[in-house]
Chemist: 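The structure under discussion is supplied below as structure tokens; questions concerning it will follow.
Every value quoted in this text rests on a predicted model; they were computed, and no experiment measured them. Order of the sequence lines fixes the chain letters, A, B, ..., with proteins taken first and strands second; residue numbering starts at 1 for each chain.
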There are 2 protein chains.
Amino acid sequence: MPAISRPTSKDVAQEAGVSQSTVSLVLGGKWSGRVSPATARSVRSAAARLGYRPNQAARNLRLGTSRTVLLMVPTLTAPFFGPVYTGAARVAARHGFGVVVSTWPDDAAGPADGPFAAPDEAIDGVLASSMAAEALGGFGETPVVMLDSGPAGRPGAPVPTVDFGVADGMRAIAAHLAGLGHRRIGHVAAAPDQWTFHARADALAEVVADLPGGVLTRAGCAIDVASAKDAATRLLAAPEPPTALVCDDDLIAAGAYKAARALGLDVPSDVSVTGFDDVLLATALEPELTTVRLPAEELGAQGMAALLDLLDGRSPAPRVLPGELVVRGSTAPPRAR
Amino acid sequence: MPAISRPTSKDVAQEAGVSQSTVSLVLGGKWSGRVSPATARSVRSAAARLGYRPNQAARNLRLGTSRTVLLMVPTLTAPFFGPVYTGAARVAARHGFGVVVSTWPDDAAGPADGPFAAPDEAIDGVLASSMAAEALGGFGETPVVMLDSGPAGRPGAPVPTVDFGVADGMRAIAAHLAGLGHRRIGHVAAAPDQWTFHARADALAEVVADLPGGVLTRAGCAIDVASAKDAATRLLAAPEPPTALVCDDDLIAAGAYKAARALGLDVPSDVSVTGFDDVLLATALEPELTTVRLPAEELGAQGMAALLDLLDGRSPAPRVLPGELVVRGSTAPPRAR
DNA sequence: CTGAAAGCGCTTACAG
DNA sequence: CTGAAAGCGCTTACAG
């Protein structure tokens, strides 16, 4: 029981002395030229007096919408996606929308009718975040905005996108390291087949290729500490080891720290380490991590704004949110040799 | 447009050659003794053939519910609450419920009609997690289950609760430390006025009081690295410093590590450190953190199950989810002196 | 055992 | 400028 039957538009109509349809017109903002300003005013004040708020279920039934948007993320346990949800939910709430979350199914390709044929609740749109390249398509008719999935998101049909400027972020890291004097760079690369990691790898490779004397090595790993430690160890065990380890994620950087220490190397005097994302972890580590801050909450907020635009029939332009290089204690000039 | 107008119960009725009300009865599970088994079977198969799924908006309108539950948490940026949401949403989805999240407003007491008078969408119930003691009440008529808020949740009216066995968890930590030979314990305590932290402090104080030669010191801090480092430094700077630092959170433990290192102390040979929660961070730190694992996802799942019980008119019994001591590398016997 | 009908609270043609 | 009415897709008395 929703707290002693809330007032309905009928109650407002009675209070204002008008018909229920007039109430709907006024409160729906479709009255100009159809209802006199005076009437509109009295309707509004009656609604305020009664504390009226429209019944969404009735509205949804009539309109055939659910005012619910699905946010799909790779995982909710990674610290990155909480803020994405928060940003999306904040904007959604302002427009009377709810957000439900779902994680990408393991079989990314999914059944023919898409990964969300299952949800009990009908859905008005999808915010697809950080999807794997092979998860393209399968969205049927549902409006979708792709987040952190690359500008080329869906080949063919153009889909609105909101992305991070990860290439620029990676270039900033590379430039920072190059400026410090590093030439031999090791890339501890996240293995998941996501656009963002491909973009990072490409940007890093370009910068190092243009660097006189630049040498890039590379080892892939899962986004967890143990796997990252293994990968970093492989890189560091090379005959001519890198003097800096560029990691695709802060968590991976934590693994790189461990690899370095296990080999008796100090961070940053023996080897510099950089992260990506700037989650809580970055300042919990010692030394604190030089990384790129990605505005996760803003990603969710702008993505939802774009989806709302799309649902209103507009075509939101692609957006790119810049990352910010945050220099802390994990980078230093390479040891002279 | 929800993907080419989905079939309605009317379509199913036509397909099965029965009336729409019969369809509703059968699919709603209220047919026994009112519809013949043969008819029921044919309705079911017609529904399956058409891929029918009931329109929630219509159902909600008719029933006066929203099939939406509000999860209130202190913050979504802490890594702990993602899993809580995940667990709650998983159970909710099985029953056709959605979950929306909201964070506790800053003015915890809130207006008379509660902190969630605002949400646009009407809600059927609330899952209130980790609430501050002063946020009690203000829920009006809405069914609520309290999570991680203590058994005494709301004085007066009994409210179903799901809690962690934090006292036992803290006792396990204290016993582990005592077994190692520690007598002087420093408690780096989370300052937020939440039940869970009071329970931890009380449990620790009891054990240490019962420990021959036991001495407990205590410093409060916010749940962030810098504040924790300050608090730990104060404790460690005492004339007779503790040989072990018990931290209320893994993030606080990270601050304690930093304090120790800044003072030239090694973890664990000079000072043992323990955390609480076992988030990602615990294995990212060096040495890896001895801590208590709290089943966060299970908290959400059991909480939702209890709320669903409550909405069905049952009175779910209080539940307590045990934590598990995970011994890793941050604890060792105190240095002989 | 089965069906016709009312009604949840909206939005939106349609009349006036 | 305003109102009476239809109808979105359900659930549930009520008749038969």
Chemist: When you measure from the side-chain N and O atoms of B:Thr22 to the phosphate of C:dC1, is any distance below 4.0 Å, counting only OP1 and OP2?
Modeler: no
Chemist: Which range-with-range stems can be found for DNA chain C when each stem has 3 or more Watson-Crick or G-U pairs in a row and both distances sit under 3.5 Å?
Modeler: C:1-3 with D:14-16, C:5-12 with D:5-12, C:14-16 with D:1-3
Chemist: Rounded to whole angstroms, how far apart are NZ on B:Lys30 and P on C:dT2?
Modeler: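 Rounded to whole Å, this separation is 19 Å.
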Chemist: In whole angstrom, what separates B:Leu25's CG from C:dA5's C1'?
Modeler: 15 Å
Chemist: Nearest-Å distance, CZ (A:Arg62) to P (D:dG7)?
Modeler: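 After rounding, the gap between these two atoms is 10 Å.
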Chemist: In Å, rounded to the nearest 0.5 Å, how long is the span from CD1 of A:Ile123 to CG of A:Leu70?
Modeler: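 Answer rounded to 0.5 Å: 4.0 Å.
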Chemist: Only one of B:Pro316, B:Ser315, B:Pro143 clears side-chain contact (heavy atoms from CB on, under 4.5 Å) with B:Pro160; which?
Modeler: B:Pro316
Chemist: If you pin B:Pro37 and B:Ala58 to their nearest nucleotides in DNA chain C, which one's is more 5'?
Modeler: B:Pro37
Chemist: The side chain of A:Thr39 is closest to which nucleotide in this list: C:dG3, C:dT2, D:dT2?
Modeler: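 Of C:dG3, C:dT2, D:dT2, D:dT2 is nearest to the side chain of A:Thr39.
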Chemist: May I ask you to say what B:Arg59 touches in the nucleic acid, namely base, sugar-phosphate or nothing, with a heavy-atom cut-off under 4.0 Å?
Modeler: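 The residue B:Arg59 makes sugar-phosphate contact but no base contact.
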Chemist: Can you pull the salt bridge (Lys or Arg N to Asp or Glu O under 4.0 Å) pairs that have at least one residue in residues 8-29 of chain B, sequence neighbours excluded?
Modeler: B:Glu15-B:Arg49
Chemist: A:Arg67 has an atom CZ; how far is it from atom P of C:dT11, in whole Å?
Modeler: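 Checked: the CZ to P distance equals 10 Å.
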Chemist: Measure from CD on A:Gln20 to C1' on D:dA5 and round the result to the nearest Å.
Modeler: 11 Å
Chemist: If you look at every strand shown and take non-hydrogen atoms under 4.0 Å, does A:Leu63 touch a base, only sugar-phosphate, or nothing?
Modeler: sugar-phosphate
Chemist: If I take atom CG from residue B:Leu127 and atom CG from residue B:Leu308, how far apart are they, to the nearest 0.5 angstrom?
Modeler: 9.5 Å
Chemist: Expressed in angstrom and rounded to an integer, what is the separation of B:Leu27 atom CG from C:dT2 atom P?
Modeler: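 After rounding, the reported distance stands at 15 Å.
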Chemist: By the 4.0 Å heavy-atom rule, please label B:Ser24 as base, sugar-phosphate, or nothing.
Modeler: base
Chemist: Does a sphere of radius 6.0 Å around CZ in B:Arg314 hold more than 12 heavy atoms from other residues, nucleotides or ligands, not counting ones at 6.0 Å or beyond?
Modeler: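 Atom CZ in B:Arg314 is packed in, count exceeds 12.
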Chemist: Under 4.0 Å between a side-chain N or O of B:Ser9 and OP1 or OP2 of D:dC10?
Modeler: yes
Chemist: Quick one: A:Lys10 NZ to C:dC10 C1', roughly how many Å, whole number?
Modeler: 11 Å
Chemist: Using the six-membered ring wherever Trp is involved, compare the ring planes of B:Phe164 and B:Phe80 and label them parallel, tilted or perpendicular (cut-offs 30° and 60°).
Modeler: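 Answer is perpendicular, since the angle exceeds 60°.
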Chemist: Rounded off to whole Å, could you give me the CD-to-C1' distance for the A:Gln14 and C:dG9 pair?
Modeler: 15 Å
Chemist: Taking the side chain of A:Thr8 as heavy atoms from C-beta outward, which of C:dT2, C:dC1, C:dC10 is closest to it?
Modeler: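 Nearest listed nucleotide: C:dC10.
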Chemist: Name the nucleic acid region contacted by A:Ser21, choosing base, sugar-phosphate or nothing; use a 4.0 angstrom heavy-atom cut-off, strictly under.
Modeler: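 The residue A:Ser21 makes base contact.
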Chemist: Does A:Ala58 have any side-chain contact (heavy atoms from CB on, under 4.5 Å) partners at least two apart in sequence or in another chain, and if so, which?
Modeler: A:Asn55, B:Leu61
